[in-house]
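Heavy-atom basis, side chains included; hydrogens, waters and symmetry copies ignored.
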Number of protein chains: 2
Amino acid sequence: MSVPGSDTVPRGRRVPRPSGDDRELAILATAERLLADRPLSAISVDDLARGAGISRPTFYFYFASKDAVLLSLLDRVVAEADAATLDAALLPVAGPREGWRQAITTYFETFRAHRALTLAWAEARSTNAEVRDLWARVFHDWSQRCAAAIEAERARGAAPPGPPARDLAVLLNSMNERALYATFSGDGPAVDESTVVDVLLEVWLRTIYGTAPAD
Amino acid sequence: MSVPGSDTVPRGRRVPRPSGDDRELAILATAERLLADRPLSAISVDDLARGAGISRPTFYFYFASKDAVLLSLLDRVVAEADAATLDAALLPVAGPREGWRQAITTYFETFRAHRALTLAWAEARSTNAEVRDLWARVFHDWSQRCAAAIEAERARGAAPPGPPARDLAVLLNSMNERALYATFSGDGPAVDESTVVDVLLEVWLRTIYGTAPAD
DNA sequence: GAACGAGTCAACACGGTGTTGAGAAACGGC
DNA sequence: GCCGTTTCTCAACACCGTGTTGACTCGTTC
């Protein structure tokens, strides 16, 4: 429980001994496989255990719960996403359009590569506090980086003043999150997967570099 | 199951006979009361039944499930939200800023008035297809109205051309949805409740009336 | 070869959902 | 008043998913 910020502590229960490592990996692999064609809520601990060739009680030897398996999987994706950092220094060089396109595309590709996991993540977020905290951390980091980039653009005179950069960053990232979820999940109105990055980029550029009419 | 578009059919089971009406209302009231201080997943059918002064099997006489109660409550809010329609003709008269501010404020106030329900809604959407469909319908209607307003603004020369109006409408509404959820729920980074409408409005105006830099 | 710890699982306890079948209570017709 | 029908109610049940317990196996180590 808690200590949401702590890292590098393995999510698996106790010390995962070498010999049982395969089992642990088998559970993780099973989870990702099953998530590919049904939501987390439709997968039981028994499904995971059987899929990994063990009994249900044995599952609990490796993970504290179904959600712990998901968190373990998410930790990896987060590490991946963290690596793909937004380089604010890139904007003046590559030009705003290309710089921001790259940032949005990276975000998009990272989650598209783990579509099933992304959807399960969103699902678990509403019921599991640890998942919620992990996402909040990721979202916060990402927004902060965007806010810094917006401020840098304003400082060098490339972007006009406006609402607090932090607020704009939070809103634009909220849009990306929700829009990509809609696009990936396919339920409800969404922008087509082939054009969503372009339209998102246009909204970002107009929001950061444009101005509202004087009325 | 299914037939998601059908309306005006009461969500309660069978024909709600006059004498049992109080019970049905008691269940709905209990649900809204309990949702005010804990999430839907932490409320059992038994809680609802006891809260309404009946036994669990009796609950099933009135509603097919816990989710049916939520849907019944949502139907009302949806009716309320539908009434608060975006009047596209208002924009040329009141001016873009005031016209759009009114639309966003209405949306904001409608859901803020039913904060607990809004959060429960978001939670149930990930597991219940009917809730998902109902939301998709609301979101679709709203986006369509916004798209029409954007097109009207472009037609009268007030807004410059850009990405398909429908795509912009979907993205901007996605932003509003996610941002308001974050603001109401209070977990994760969010824009403060007192300023969120202003910042949202600024993003909308810049997106609809502004242009991106030529690079 | 005894002691130990990692790994395994049958069996259990518990809590939630949704159903059944047997009635009580309300009401209209005669 | 009494009878039949419809509405309403709930004890008891069947089922499923979670998480725990305690005993047992098996490889390692001294």
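- Checking D/dT18, D/dT7, C/dA6 against the side-chain heavy atoms of A/K66 singles out D/dT18 as nearest.
- Applying the side-chain hydrogen bond (donor to acceptor under 3.5 Å, both in side chains) rule to B/D141 yields no partners; only residues at least two apart in sequence or on another chain are considered.
- The separation between B/F61 atom CZ and C/dA24 atom P is 18 Å, rounded to whole Å.
- If you check C/dG7, D/dT7, C/dT19 against the side chain of B/P57, the one that comes closest is C/dT19.
- One interatomic measurement links the two molecules: CD1 of B/I27 to P of D/dC8, which rounds to 12 Å at whole-angstrom precision.
- Ring geometry for A/W135 versus A/W121: interplanar angle over 60°, hence perpendicular rather than tilted (30 to 60°).
- Residues A/E123 and A/S41 have side chains in contact (heavy-atom distance under 4.5 Å, counting atoms from C-beta outward).
- In this structure, B/F63 atom CZ and C/dG18 atom P are separated by 14 Å, rounded to whole Å.
- A 4.5 Å side-chain heavy-atom check between B/L200 and B/L180 finds at least one atom pair inside the cut-off.
- In summary, the side chains of B/S185 and B/D187 do present a donor paired with an acceptor at a separation below 3.5 Å, with no hydrogens or angles considered.
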Enumerate, atom names and distances included, each donor-acceptor pair closer than 3.5 Å involving a side-chain atom of residues 49-59 of chain A, sequence neighbours excluded.
residue: A/R50; atom: NE; partner: A/D46; partner atom: OD2; Å: 2.8
residue: A/S55; atom: OG; partner: A/T58; partner atom: OG1; Å: 3.2

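- Taking atom CG on B/L25 and atom P on D/dC8, their separation rounds to 13 Å, with Å as the unit.
- Only A/I54, listed by number, bring a heavy atom of residues 33-54 of chain A to less than 4.0 angstrom from any atom of DNA chain C.
- Residues in residues 165-191 of chain A take part in these ring pair (Phe, Tyr, Trp, His ring centres under 6.0 Å) pairs, two or more places apart or across chains: A/F108-A/F184.
- In terms of polar N and O atoms assigned as donor or acceptor, the side chain of A/R56 comes within less than 3.5 Å of the base of D/dG19 in a complementary pairing.
- Closest to the side chain of B/Y60, out of D/dC10, C/dG18, C/dC9, is C/dG18.
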Between B/D75 and B/L134, does a side-chain contact (heavy atoms from CB on, under 4.5 Å) hold up when you go through it step by step? CA-CA 9 Å; B/D75 277 342; B/L134 179 57; 3.9 Å; yes

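- The separation between A/F59 atom CZ and D/dT20 atom P is 12 Å, rounded to whole Å.
- Residue A/D22 contributes atom CG, which lies 11 Å from atom P of C/dG7 at whole-angstrom precision.
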What does the list of N/O pairs under 3.5 Å between the protein and nucleotides 24-27 of chain D look like, with a distance for each?
none

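- The ring-ring contact (aromatic ring centres under 6.0 Å, His included) test applied to B/F111 returns B/Y107, not counting sequence neighbours.
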